[in-house]
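Taking it in order: structure first as structure tokens, then the write-up.
Just follow the structure's listing: the first ligand is 1, and inside any ligand the first atom is 1. The chain is numbered in sequence order, starting from 1.
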Amino acid sequence: MEIIITPNPETAGRLAAGYLASLVKRNSRAVLGLATGSTPLPVYRELVRLHKEDGLDFSQATSFNLDEYVGLAADHPASYHAFMQENLFSQVNFQPGHNHLPDGQATDIPAHCEAYEDAIRQAGGIDVQILGIGTDGHIGFNEPISSLASRTRIKTLTAQTRQDNARFFSSPEDVPQHVITMGIGTIMDARSIVLLASGEGKAEAIAAMVEGPVTANVPASVLQMHPVVKVIIDEAAAGQLRRREYYRHVFEHKPEWQRWA
Ligand code: PGA
């Protein structure tokens with residue numbers, strides 16, 4: 001894992017966006033794994049800026065999102081379809097049909113999940129997967145004790161996650177109980193991973209992920225087994241890392257050729 005501690009979430013977002021942009025420039029047909037929630041917003045803001053001001057071209061790129069709420073229509077304001085449309089897709093130039101999210105209204109959910117996995121494979125696999133982390137250590141919506149080998153499937157949210165996400169709904173009871181999420185095995189197949197976190201509320205989950213044991217109790221800890229992971233966090237989210245001065249030292253002394261932005 002590479003741990004990158006930044007002064008604020010905006011800097012973290014710019015770094016992550018720079019990494020995605022360099023990938024899309026090298027390979028115009030890049031396959032991007034995207035995430036929702038508050039954390040990736042600075043990444044999308046920067047990608048939109050790079051598209052508008054520097055001509056970053058998404059016309060050949062494809063995207064797959066991590067997850068969606070079961071039961072929400074694509075045009076429901078709290079759906080992840082709506083989130084992605086508003087914050088990225090409507091503002092850059094992906095081709096119609098190149099942006100994939102699980103369908104929260106699928107009638108045959110297992111068949112839909114299998115088809116989602118097939119679509120990722122047919123696209124050639126995900127080049128870079130953006131992740132946030134839940135306060136309970138989830139990635140995607142893989143809640144604690146998710147199988148570390150899991151594929152895209154239906155999951156039941158923890159009470160903590162429903163409470164964390166209540167801010168996007170008109171009332172806490174409206175947060176769906178179920179979601180469709182890429183599995184941990186699906187996420188681990190991505191060729192590279194960028195996990196972002198900011199704020200004190202994420203400090204415990206980040207410390208458990210980076211410095212704790214690999215355990216299904218903290219699904220994000222499985223990333224210790226992935227060869228290309230960048231963890232980009234602000235000072236507050238880094239607050240409980242025992243070796244944070246070492247991580248800072250490593251990043252500051254990286255040779256220029258190893259930097260991507
Ligand atoms: P957040 O969600 O970015 O809204 O904090 C992160 C997550 O649940 O993965």
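Applying the side-chain hydrogen bond (donor to acceptor under 3.5 Å, both in side chains) test to D57 and every residue at least two apart in sequence or in another chain returns S59, N93. By the side chain to side chain contact (heavy atoms under 4.5 Å, CB included) test, R151 pairs with E117, T186, D189, sequence neighbours left out.
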Exercise for the section: Take R14 and E46, measure what salt bridge (Lys or Arg N to Asp or Glu O under 4.0 Å) needs, and give me the verdict at the end. Expected result: CA-CA 6 Å; R14 273 199 301 276; E46 178 66 2; 5.4 Å; no

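In this structure, I109 shares a hydrophobic cluster with V70, I154, I180, the cluster being traced through Ile, Leu, Val, Met, Phe, Trp and Tyr side chains under 4.5 angstrom apart.
Sorted by chain then number, the residues whose non-hydrogen atoms approach ligand 1 to under 4.0 Å are G37, S38, T39, G132, I133, G134, H138, R167, K202.
L88 pairs in a side chain to side chain contact (heavy atoms under 4.5 Å, CB included) with only one of the listed residues (N99, L47, L41), which is L47.
A salt bridge links R248 with E235: at least one charged nitrogen is closer than 4.0 Å to a carboxylate oxygen.
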